[in-house]
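See below for the structure under consideration.
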Amino acid sequence: MSSNAVAELFAGKVAVGTRVTVKGWVRSRRTSKAGISFVAVHDGSCFDPIQVVVPDTLSNYSEVTQLGAGCSVIASGELVASEGQGQSVEIQALELEVVGWVDDPETYPIAKKRHTFEYLRTQAHLRPRTNAFGAVTRLRNTLANAMHNYFYGEGFHWVNTPLITSSDCEGAGELFRVSTLDFSNLPRNEKGGVDFAQDFFASESFLTVSGQLNVEAYCLAMSKVYTFGPTFRAENSNTSRHLAEFWMVEPEIAFANLEDDAALAEDFLKHCFREVLNQRQDDMEFFAQRIDKDAIARLERVVNSDFVHMDYSDAVRILEKSGKSFEYPVTWGLDLQSEHERFLCEEYVKGPVVVKNYPKDIKAFYMRLNDDEKTVAAMDVLAPGIGEIIGGSQREERLSVLESRMDNPTLKEELWWYRDLRRYGTVPHAGFGLGFERLLNYISGMDNIRDAIPFPRVPGSAHF
RNA sequence: UCCGACAUAGCUCAGCGGUAGAGCAGUAGACUGUUAAUCUAUUGGUCCCUGGUUCGAUCCCAGGUGUCGGAGCCA
């Protein structure tokens, strides 16, 4: 049997008077002794549930009056202009089939009331049925599509870099081990260590912490590329901004410098925000109403203004002159702390800020050494409330400089192919990494990253 | 990992050295083109776990576990 998405009914794509069918889950039921029940049905297609008006003349009306939150139903009837307030159209039911009851309404975890996000994390399998997580889920989908569409429209190639890597030296954090060895009976080599030659990949292997190094290879052939996929960090990070498994977008452009990179980041973010504002008005209104008053205005401000750029050295001067007393010292050569980044984007700029050209000693080996030989062509995009949302750089394309920055001999050896890219037709190139869930939090105003991904993985918890 | 806070009904929380309450949800009824409906009644508790102090601990103390917030690491 064909059916209609609730979204298309509200969008006016179906004429009033048409016989329609919706399939979904009950949000609430209100029964009137006047002989009708109002059943709010949601199916995930849009923020609002549709109101199904059920007359007591239906043969199974006694069932209808037993409906509660969570029950699944198929309702069909005539689409009519609503007699009540609060919705444009509703369904005058001719049939309502109960597909699945709720076993024990008293203990159904998603009651028709406000729940804390903390509680809903313990009900991750049912939380998509709530307003907030339905909205986050649609936003996530829209944002992912907006990103792909942007890149596709700009001539980028989506490159699917591997999730399993044998390099443990990429320098972006602790790695999860991937192995098929029997942990209770590990094979040993002559030195007494674990003999990884007997492991599945015949060498130690891990889950990737970044697709960047691999995607650079494709960049130096396809010119404009990006990765989008899950990334894994085994850091013991217990914050509202970190996940052990998260999604990251990493564009990489050839014949490009740091300025091109920053311009790409800005254009990209603005495109995404515009698409979200256009396509997910209903959900954004919810976020603005219930989660963060500034949610919509914030995106509009970003879309309509130019990103503020500043050099790291200027940022240090601004912080020194701010008159604020920071817990951590501000000195040229030290990395900016959260409190410093917060001041810059939340108080000084009051919006996203691009900080560029950091001291070389606090940044990764692959970032291009500037002519001053003290700084590298790195940039961070800092966003209010989130902190670092993008980290990027122009890559070191000069073999000798790159090798001199690879202080670890094992790293140098393992990344022979990465160095090869500088031997065969090297070009200046640049890219960045953007945390997908962090961007979702920035857009929605949700403040915990565990609520931006369906089933969060964090230290001590891989439930569901 | 460090610092701090918290853990009481299905959920959100109050409370007190003498073993416990509210709102919501659930259930029953009333009322209503209702929409987080409203009104009346009502069910519901290992007060996180283990020790200790005490005549007596949900409350005080110690340890543990879990969660949250902040910091570091970073996206």
Side-chain angles (χ1 to χ4, degrees), chain A residues 27-41 48-55 66 68-70 80-87 90 92 102-123 130-131 170-174 209-212 230-250 290 326-328 335-342 362-364 380-383 386-392 432-442 447-453 458-461 463:
Chain A
R27 251 271 148 77
S28 70
R29 183 211 87 233
R30 293 172 296 277
T31 292
S32 165
K33 279 293 180 297
I36 50 177
S37 285
F38 302 96
V39 183
V41 178
D48 289 311
I50 193 155
Q51 176 157 281
V52 179
V53 182
V54 188
Q66 298 300 306
V80 296
S82 180
E83 286 178 39
Q85 301 296 307
Q87 61 276 319
E90 62 191 18
Q92 190 66 43
V102 166
D103 271 1
D104 179 6
E106 187 175 358
T107 57
Y108 179 59
I110 309 297
K112 191 178 61 177
K113 59 165 286 185
R114 203 174 63 235
H115 289 289
T116 58
F117 290 132
E118 188 181 335
Y119 167 71
L120 289 172
R121 270 170 230 148
T122 70
Q123 306 294 333
T130 63
N131 280 334
E170 289 167 17
E174 296 294 310
V209 294
S210 163
Q212 180 204 316
T231 304
F232 307 89
R233 306 264 168 104
E235 243 99 49
N236 193 9
S237 297
N238 290 288
T239 80
S240 58
R241 306 180 304 284
H242 289 86
L243 292 165
E245 178 184 279
F246 64 98
W247 285 60
M248 187 156 64
V249 189
E250 297 174 288
R290 292 293 175 92
F326 294 110
E327 192 184 337
Y328 290 87
D335 209 353
L336 301 178
Q337 302 293 314
S338 284
E339 56 175 349
H340 306 142
E341 297 181 344
R342 282 216 150 122
I362 58 173
K363 288 293 182 181
D380 284 352
V381 178
L382 310 176
I386 309 291
E388 187 180 338
I389 199 163
I390 284 179
F432 62 80
L434 178 152
F436 188 57
E437 286 80 15
R438 284 190 181 175
L439 186 59
L440 281 168
N441 277 16
Y442 179 71
D447 49 24
N448 196 312
I449 200 163
R450 297 166 196 206
D451 301 325
I453 193 166
V458 295
S461 168
H463 301 305

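Owing to the predicted nature of the structure, the values given are computational and were not obtained by experimental measurement. First the proteins, then the strands, lettered A, B, ... as listed; each starts at 1.
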Kindly state whether the ring of A:Y328 and the ring of A:H340 have centres lying under 6.0 angstrom apart.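 No, the ring of A:Y328 stays outside the 6.0 Å limit from the ring of A:H340, centre to centre.
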
Heavy atoms from C-beta onward define the side chain here; which of [options] lies closest to that of [X]?
X      : options             : result
A:S28  : B:C73, B:A37, B:A75 : B:A37
A:Q337 : B:C73, B:C74, B:G33 : B:C73
A:N236 : B:G72, B:U1, B:A75  : B:U1
A:Y119 : B:C74, B:U34, B:C11 : B:C11
A:R30  : B:A37, B:G33, B:C74 : B:A37
A:N448 : B:G33, B:G69, B:A71 : B:G69
A:N238 : B:U1, B:G72, B:G70  : B:U1

Looking at [N], does its base get a donor-acceptor pair with the side chain of [X] below 3.5 Å?
X      : N     : result
A:S237 : B:C74 : no
A:R450 : B:C68 : no
A:E118 : B:G66 : no
A:H115 : B:C11 : no
A:E235 : B:U1  : no

Check whether [X] reaches the backbone of [Y] with its side chain - one donor and one acceptor, N or O, closer than 3.5 Å.
X      : Y      : result
A:R241 : A:R438 : no
A:E339 : A:E327 : yes
A:E250 : A:G433 : no
A:E437 : A:W247 : yes
A:N448 : A:R450 : yes

Please give, in whole Å, the distance from [N] [atom2] to [X] [atom1]?
X      : N     : atom1 : atom2 : value
A:H242 : B:G70 : NE2   : P     : 12 Å
A:I390 : B:C74 : CD1   : C1'   : 14 Å
A:R241 : B:C68 : CZ    : P     : 14 Å
A:R121 : B:G66 : CZ    : C1'   : 14 Å
A:I50  : B:U34 : CD1   : P     : 18 Å
A:E174 : B:C73 : CD    : P     : 14 Å
A:F38  : B:A37 : CZ    : P     : 12 Å
A:Y108 : B:C11 : OH    : C1'   : 14 Å

Which part of the nucleic acid does [X] contact within heavy-atom distance under 4.0 Å: base, sugar-phosphate only, or nothing?
X      : result
A:T239 : base
A:E388 : sugar-phosphate
A:Q123 : nothing
A:E245 : nothing
A:S240 : sugar-phosphate

Checking side-chain polar atoms at under 3.5 Å, does A:R233 have a donor or acceptor matched by the opposite partner on A:T231?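 No, no side-chain donor-acceptor contact under 3.5 Å.
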
Can you see whether A:R27 engages A:N131 through a side-chain donor-acceptor pair at a distance of less than 3.5 angstrom?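 The criterion, which ignores hydrogens and geometry beyond distance, is satisfied for A:N131 and A:R27.
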
Can you check the distance between [N] and [M], where both ends of the measurement are the [atom1] atom (answer in whole Å)?
N     : M     : atom1 : answer
B:A75 : B:U12 : P     : 34 Å
B:C16 : B:C60 : C1'   : 13 Å
B:C55 : B:G66 : P     : 35 Å
B:G72 : B:C47 : P     : 40 Å
B:G17 : B:G23 : C1'   : 28 Å
B:G69 : B:C13 : P     : 13 Å
B:G33 : B:A9  : P     : 38 Å
B:C61 : B:G18 : P     : 16 Å

Here's a test of your reading of the structure: between A:M248 and A:D447, which maps to the more 5' nucleotide of RNA chain B?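 The residue whose closest nucleotide sits nearer the 5' end is A:D447.
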
Both A:S32 and A:T116 contact RNA chain B. Taking the nearest nucleotide for each, which residue is further toward the 5' end?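 Its nearest nucleotide being more 5', the pick is A:T116.
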
Compare the ring of A:F436 with the six-membered ring in the base of B:A75 and state whether they stack (centres under 5.5 Å, planes under 30°).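 The base of B:A75 is not stacked with A:F436 (the test needs centres under 5.5 Å and planes under 30°).
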
Output the pairing pattern of RNA chain B as a dot-bracket string, 5' first, Watson-Crick or G-U wobble with both distances under 3.5 Å, | for cross-strand pairs, [ ] for crossing pairs. (((((((..((((....[..)))).(((((.......))))).....(((((..]....))))))))))))....

Could you check whether any side-chain heavy atom of A:R30 comes within less than 4.5 Å of a side-chain heavy atom of A:Q51, counting everything from C-beta outward?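 They are in side-chain contact.
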
Mind running side chain to side chain contact (heavy atoms under 4.5 Å, CB included) on A:V458 and A:H242 for me, showing each step along the way? CA-CA 8 Å; A:V458 295; A:H242 289 86; over 6 Å; no

